[in-house]
Each structure stands twice: as structure tokens, then as C-alpha cells.
Asks: 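Before I ask anything, here is the structure I am working with.
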Amino acid sequence: MMLHKDTRLVQQNFARYCRTGGKIQIPGVLPERIPYYRKMLSTVIDETLISAFPLANGLIDSKEWADAVENFFSLHDCSAYQVWKIADEFRQFLIVDKKELFQKYPVLHDLLLFEWTEMDLFNTPDTVPVPIKGSSKFFGCTYLMNTEIRILQLSFPIHLQKAASLSDADRGIYIVLALRNPESKFVEFIAISVFHAWLLEQIIQKQSIHTILHKSENIFNQKSTEIRIQLISFVNHFTNLLFIKST
Amino acid sequence: MAVQNFQHTGIGFRREFAEEFLSNGFFRPAFIEVAPENWIGIGGYWKRIFDKIAATYPVYLHGLSLSLGGPDKLDKKFLKEVKTFMKEYNIMLYSEHLSFAKCDNAHLYDLLPVPFRMDSAKHIAQRIQSVQDMLGTRIALEIVSYYTPVAAEMSESDFINEVLRLADCELLLDVNNIYVNAFNHNYNANGFIDTLPLEKVKYIHMAGHELVEPDLIIDTHGEPIIDEVYGLFEKTIPKLSGQVPVLLERDFNIPELQVLGAEMEILEQICNNKFRRLHDVA
Ligand SMILES: [Fe+2]
């Protein structure tokens, strides 16, 4: 290691000051200038998080937001080289270190997940559609499934109503599918049934139609003919959404 | 009005003007520059745009996160991704900053000044060599603007010269940064440029800045290039050993493309005049 201990310490102190704003004593550093660095770094973090979470930012009190962002930057070591990915690091930091916010704003958990999912899925690398195993035997042609989707389980219907208008009376289980529209490439959210969510998971996990039918009879306790009808309606639904294609 | 085809001048590609840029009838840059951090691993809408851009113009990479001057280990995984990205899009140039952007395992998302010290120069030079070995190509190193010295034990110029001497890399000369540093730290910009190994200059950056206090300029890239920086650029180009690409950087407060095109035209004209003379002399 070429770097002397002392030089390393200087850099550590400089970085620590930028993150925490504590007192700093580094030879040659101009005390009236170094705050510009802290300001510039904090602005990058704050602006990135506001643009990632416009709804969450709008929901919580501005002082609480500012404190949360400051705590995040000083206590959390950001690990992503892509700055946009700190949004998820921030979300996870809040879940662990800012529990009081989730008590005060019960929908916050869902909002953060919803907004992060939208950005993450919007940016996610392109994927090659996966063949639905055993589809040719069942349907007479091979179907391909676009996997640029995310399944969310929410406690509040934030995909239907404004977060501020929701109360404990709205609490429930809401299954929402986020999908990246194959044509526009923008992310859309739609409500789906538990059965469809389960089917999607099975297909993504590369289970064959045969296995899926077999499992679903047990799990959902339905007749095989009923399940088959539902499977066909599922395929039609996702074909219309351009998420299932035949080869 | 005819579309301007620039031979020397490129532009920092921004998502803010992406769509307009693809169909703009004002200018065609010689190349575009992007930060790998903003485009690696991105799919969907932006990949579709980037693929179109990269099929139309040569792409240069200008990194933000490598932290060549930092105490943390180099991110080899990231460098592998850069290498793959360069291959995929046939990218010939990757530049980075003489600064640090990561410390104690935390990314800081900005360019912090390094101590001008001999151990730091050796450390950075060794890291540049590792990067060059990994990528199989020379990188260009940019001198950053800075607002305070940090525990310096040697002059800025000696430090830069030492890094470049040891590292066997190219120099990215950001003329605005030199102007900003000369103003902030009270030295002569032209004289400072004369102390640099100008034969290593592979690439030039030009940008605007903001005077925030009577004795402090912040390198915002949010304003047009000022006349004094154009003047410094004009004086610098004839000192180079050959033609180099020139980039207009504009990251904030982004005006209409036509306005950016007009700034690029000034740069292009200076290049045409000065490079022609350079050629005549040779
Ligand atoms: Fe630059």
C-alpha cells in the first residue's frame, strides 16, 4: 500500500466531515470553503431521493424528511456506484432505523416500495422472455413469458387512492402487479388476483404447466377443469397485455 | 438552416435533452460523452435511446465513481462492467478524475480533492496502471476543480506531473477547471497550463461556472462558457502536439439545444483556426 497512514486519515476525516458536518482539523483546509463540499454532497443525495420518492416526500413532514436524509447520509455507507440505487438503500435504512416514521405514517412502507419498484423496474436490464414449460403440450404452441414484472403485496390501496386519504379502515391485502410495458417501456401497475400472482411466480420459477396444474389443485383446492379454465383466461389476459407471446 | 456537422466538438449527453437531441436539426456533434455509472446495466426506455445514440455517434466514457485518488480498494467488478460496456458499444476512450469519490466503503457521489503528497501520487499512479492493465487501454485523467487545499506537501503542478509521469496515462485538460482553480487559489491559469506535460493531452473539456463569492468560483457546469475561458482555450490549443477532441459540458440549467449548438460552434471555429495553423506549421 503506497498511501501513508496519515494521508489516508486526512481523506477519511475529509469524507467524514462531508457526511456528518462534525468538527474537522486538516492542515491547509480552508474552514470557510469546506462546507461547500458538505452542501454539494448533501444536495446530490437529497435531490436523488426526492426524485425517487416524490409521493413519500410529499407525505411526510419536511423536517422529518430532512432529518431522515441527513441521518441516512451520515450513518449509512452507500454501496451503489449508481446514485439512483441509493433509493433502495434509503428505503431499507428507514425500515430499520426510522421505525417511528412508519408508526406515524402507516402507508409509508407501501409508498416507498411502490415508488422504488417503479424506478427499479423502469431501469432494470432487458430480459429475454422465458418459455412457459410444457405450454406446447397443453396449448398446442410454445408460449413465452416476459419477466419484466414485479409482484407487490401492499397493505393499502395506494395504487387506487391518494396516500394522504388512506386510513386504517383501508388496511387489507392488495396484490399489485408492476409491469414494464413492452412497447412504451413505462411501468404500469394493475391489481391482480392471488391466483394470477401465484401463477406468475410459478412460471418465472420455470415450473411446467403440468406441475403448476398439479400444485394448484392442492393449494387452491379447486377442480382440475376449473383450474384449466382459469389458466386459459390467465394466458389470454397476459397475451392482451403483450406479456405472453406464442412462438 | 443547414445542420452543423462538428468535426472536433462533442457534447455531454444528458437525459434532459435526449429525445430532442436525436431529432435535432441544429447540429451533429463529433462524439458524445456519458458517465458509465448512468448507463451500465440500464434497460428499457433508456437503453433504447442509448442504443440509438451509440449507433449514430462515437461514445466516450467519463467516469465518476472509480475514486482513483481514494483510500478504498479499486472496484474490480465495476471495472469489468466498464470493459464489457466499452466492447459492446465500441468505446475508445474512458476518462476519470484526479480526485476521490469513495471512502470507508461509502460512495460520496462527488469529486473530493486529494492531498498533494508524494505517497498519494504514487498510490494514484499505481491504481491508474492497474485500471489500464485491466481495460487493456490507456485512460485519460482529468484535473478537477477544487475549493480548498488538503494537507498538501507539494505544489499542485508537481503533484500532477508526478502522477502523470508515473502512471503512463493520458491527460484530460479541462480548461474551465484550470481557470476556476487559478481564480480560487490565486495563480495564473496560463502559466499553470505551461507547467503541465501538454504532449499527454488527449482530450479537452470546456464548461461554464458560477461566481458564488467575490473570491470563489464553483464549477457548476450550469452556465455558458465565459470569454476568459474561451481565451484560455485559444491560447492552449496551439501548445498541444496534435488535434484533440473538445467537449462541451452542461449538466445543470440546460438551455435549448440551439443555444448549446451555438456554444459548440464557437469551440469548433476556434479548433478549425488553431488546428489548421498547427497543421500548417507541421
Ligand atoms: Fe470536466
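So you know, we letter chains A, B, ... as the sequences are listed, proteins then strands, and number each from 1. These values consider heavy atoms only, across backbone and side chains, with no hydrogens, waters or symmetry-generated copies.
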Asks: For B/D110 and A/L41, which heavy atoms make the closest approach, and how far apart are they?
Replies: CB-CD1, 3.2 Å
Asks: Quick one: of A/T124, A/I26, A/T127, who has the most non-hydrogen atom pairs under 4.5 Å with chain B?
Replies: A/T124
Asks: Can you say whether A/V44 sits under 4.5 Å from chain B via the side chain, the backbone, both, or neither, judging by heavy atoms?
Replies: side chain
Asks: With chain B as the partner, which of A/I34, A/L121, A/V29, A/T48 has the greatest number of non-hydrogen pairs under 4.5 Å?
Replies: A/V29
Asks: Rounded to the nearest 0.5 Å, how far does CD of B/Q126 lie from CG of A/L3?
Replies: 10.5 Å
Asks: Please test A/Q12 against B/D104 for side-chain hydrogen bond (donor to acceptor under 3.5 Å, both in side chains), starting from the C-alpha separation and ending with a verdict.
Replies: CA-CA 7 Å; A/Q12 287 172 319; B/D104 293 328; 2.8 Å; yes
Asks: Taking atom NZ of B/K47 and atom NZ of A/K185, what is their separation to the nearest 0.5 Å?
Replies: 10.0 Å
Asks: Side chains of A/R33 and B/D215: does their closest heavy-atom pair fall under 4.5 Å?
Replies: yes
Asks: Should A/Y36 and B/V212 count as side-chain neighbours, where that means a heavy-atom distance under 4.5 Å?
Replies: yes
Asks: Which atoms of A/S79 are under 4.5 Å from chain B, going by heavy atoms: the side chain, the backbone, both sets, or neither?
Replies: backbone
Asks: Considering only heavy atoms, which portion of A/V10 lies under 4.5 Å from any heavy atom of chain B: side chain, backbone, both, or neither?
Replies: side chain
Asks: Using a heavy-atom distance cut-off of less than 4.5 Å, which residues of residues 235-247 of chain A contact chain B?
Replies: none
Asks: Is the CZ atom of A/F102 crowded by more than 12 outside heavy atoms at less than 6.0 Å?
Replies: yes
Asks: Minimum heavy-atom separation for A/Y37 and B/Y146, please, with both atom names.
Replies: OH-CA, 3.3 Å
Asks: Of all heavy-atom pairs between B/C103 and A/Q11, which one has the smallest distance, and what is that distance?
Replies: SG-O, 3.9 Å
Asks: I'd like to verify something: which residue of A/G28, A/C78, A/P27 has the highest number of heavy-atom pairs under 4.5 Å with chain B?
Replies: A/C78
Asks: So, for A/D126 and B/G44, which heavy atoms are closest and what is the spacing to 0.1 Å?
Replies: OD1-N, 2.5 Å
Asks: Just one of B/L108, B/L112, B/V114 clears the side chain to side chain contact (heavy atoms under 4.5 Å, CB included) bar with A/F14, so which one?
Replies: B/L112
Asks: Name the option with the most non-hydrogen atom pairs under 4.5 Å to chain B; the candidates are A/D6, A/N181, A/I86.
Replies: A/D6
Asks: Who among B/E213, B/E153, B/R117 has the most heavy-atom pairs with chain A under 4.5 Å?
Replies: B/R117
Asks: Below 4.5 Å from any heavy atom of chain B, which atoms of A/Y81 appear? Answer side chain, backbone, both or neither.
Replies: both
Asks: Check the surroundings of atom CG in B/N188: do more than 12 heavy atoms from other residues, nucleotides or ligands lie under 6.0 Å from it?
Replies: yes
Asks: What do you reckon, is CE of B/M118 surrounded by more than 12 foreign heavy atoms closer than 6.0 Å?
Replies: no
Asks: Heavy-atom cut-off 4.5 Å, strictly under: side chain, backbone, both or neither for B/I40 against chain A?
Replies: both
Asks: So which residue, B/V150, B/I218, B/L216, ends up with the most heavy-atom pairs under 4.5 Å with chain A?
Replies: B/L216
Asks: Using non-hydrogen atoms and a 4.5 Å limit, figure out which bit of A/P182 sits close to chain B: side chain, backbone, both or neither.
Replies: backbone
Asks: Is the closest side-chain heavy-atom distance between A/L30 and B/P149 below 4.5 Å?
Replies: yes
Asks: Within a radius of less than 6.0 Å around CD of A/Q25, do more than 12 heavy atoms belonging to other residues, nucleotides or ligands occur?
Replies: no
Asks: Going from NE2 on B/H123 to CE on A/M2, what distance comes out if it is rounded to the nearest 0.5 angstrom?
Replies: 10.0 Å
Asks: Where is the tightest heavy-atom contact between B/Y109 and A/A80, given as atom of each residue plus distance?
Replies: OH-O, 2.5 Å
Asks: For A/H4, is there any backbone N or O sitting under 3.5 Å from a side-chain donor or acceptor partner on B/D119?
Replies: yes
Asks: Where does B/T148 contact chain A at under 4.5 Å (heavy atoms): side chain, backbone, both or neither?
Replies: both
Asks: Start with the C-alpha distance between B/W39 and A/Q82, add both sets of side-chain angles, then the distance that settles side-chain contact (heavy atoms from CB on, under 4.5 Å), and finish with yes or no.
Replies: CA-CA 9 Å; B/W39 297 95; A/Q82 302 104 315; over 6 Å; no
Asks: Measure A/E183 against the heavy atoms of chain B and call it side chain, backbone, both or neither at under 4.5 Å.
Replies: backbone
